Amino acid sequence: MAQLWGGRFVKETDQMVYDFNASIRFDKRLFHQDIEGSIAHVTMLARQGILTRQEKDDIVFGLQGIRRDVDNGSLAIDMTCEDIHSFVEAQLIERIGDTGKKLHTGRSRNDQVALDMRLYTRLQVAQTDELLKELLETILSVMEENVETYMPGFTHLQKAQPVTLAHHYGAYFEMFKRDRQRMSDIYKRMNYCPLGAGALAGTTYPLDREYSAKLMGFYGPTLNSMDSVSDRDYLIEFLSALSTVMMHLSRFCEEIIIWNSNEYQFVEIDDAYSTGSSIMPQKKNPDIAELVRGKTGRVYGALMSLLTTMKGIPLAYNKDMQEDKEAAFDAMDTVKDCLTLFTGMVRTMKFRRDRMAASAMKGFTNATDAADYLVNKGVPFRDAHSIIGRLVLYCIGKDTSIEALSLSELQSISDKFEEDIYDAVSLKTCVEKRLTLGAPGPEAMRQVIGQYREYLKGETLRDIMSQAAGDIS
Ligand code: ARG
């Protein structure tokens, strides 16, 4: 087992202590970031004359070889090493000899792991942004095709007023758009480089931190070495944003589960995204939607875990911070999987437009419009509200709907009703008249859809990252 320390010790570490302390089991996924950070570090060291050009070339050559061999499977990461940093350094020394021992000049594992974790998280932020964008594309396509697909809008899960499928989906478009904005905010705040902070107090070598930061596509270096090695705010922010993504997905899943139920039948989830029952042959269950809803818990858990880990840590680095990884990695993987599967499920889901419209017709979703009709005929709103309340009660007694009553029945409740009431409370009118910006009326909706299309043409974090990409190999 490769160990980076030991000079000061007279006894071997107890095996269980070694295993408990080791992190390679989970930080092996920082391998590429560790190599990238090390190449940037030695490139800077050579530029500053701290290493010779030859030494730098030898180290870079060695590091690239390790990367190539691990990537093509000819070299396995040695799980007896303490962590990924030890593995890379030990490998390097094995390959290029004593020059390899100069890699860690002017660096500590504290700024090294802070850098690796930041590079890794930055990539995850960009990948999550990309997946959110794909989901938004899917949502927008459904919106474009369903500007006139009527369905009931709910409050308290009781039918309230008619809306359209485009409008309902638009609410989710807004949520996932905000999620993307959170990704951008996090990226902007986190994109500073901690390398060069040393263990906690910088180094005595003349490092050029601006240069190594630029090499890795950061805006610049961080400005306080103690904070640099002990800051995990960006990760907390990311986990918080991921929790919000999951909360949105979970709400959407809950609706899809309801819509897919035998009672509603608004949608049919594609066979590819459904599962059967081992005992009940008729079943086709919305397991993917349920699992996404269920996995929300573990992502919230990762956020709580890291917030709790960080709350009592004095400056600067403490080993507690190694606990920033496992739950965070799990949350990152979980959200990416959920976004991918959810997008596929939504893309292939079929809508039962007839069922949606029929449902929107029932349940007095046009009662507000009937009251507004009376207001337009000069009745004060409060009186109109009470008249329509009585009208609804009358309809419930006769098991019918407002538009199914005869004009004389309507007039027995209010003499203000005239022939034009039928058009005023038709589903089409109820929706089309809602023209305020942000409302389901088709004109208002088309305007918003146009803005959404424009928005999706904008650059992604991946675009921004590749423009800023450093020039290290
Ligand atoms: N495995 C450690 C971590 O994840 C790396 C940093 C170790 N630093 C130290 N001073 N022991 O935090």
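Worth knowing before you read on, the calculation uses all heavy atoms, side chains too, and leaves out hydrogens, waters and symmetry mates. Note that the coordinates shown come from a computational prediction; the quantities given were computed from them, not determined experimentally. Remember, it's 1-based here, ligands and their atoms both numbered in the order they're listed.
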Per-residue contact class, K325 against ligand 1 - non-hydrogen pairs under 4.0 Å: side chain
Show me the donor-acceptor pairs, under 3.5 Å and distance only, between side chains in residues 300-312 and residues at least two apart or in other chains.
residue : atom : partner : partner atom : Å
T308    : OG1  : M304    : O            : 2.6
T309    : OG1  : S305    : O            : 2.9

Non-hydrogen atoms of S38 and Q112 that approach each other most closely: OG-NE2, 4.4 Å
Distance-only polar pair, side chains of D337 and T334, donor-acceptor under 3.5 Å: no
D83 neighbourhood, listing ligand 1 atoms whose heavy-atom distance to it stays under 4.0 Å: 1 (N)
Heavy atom of the protein closest to atom 8 (N) of ligand 1 (residue, atom name, distance): N110 OD1, 2.9 Å
Close approach of M117 to ligand 1, heavy atoms, under 4.0 angstrom: no
Top protein contact for atom 7 (C) of ligand 1, by heavy-atom distance: Y317 OH, 3.6 Å
Best match, Q322, E82, H85, E323: closest heavy atom to atom 2 (C) of ligand 1: Q322
Donor-acceptor pair between Y211 and Q48 side chains, under 3.5 angstrom: no
Sequence-distant partners of R352, salt bridge (Lys or Arg N to Asp or Glu O under 4.0 Å), two or more places apart: D354
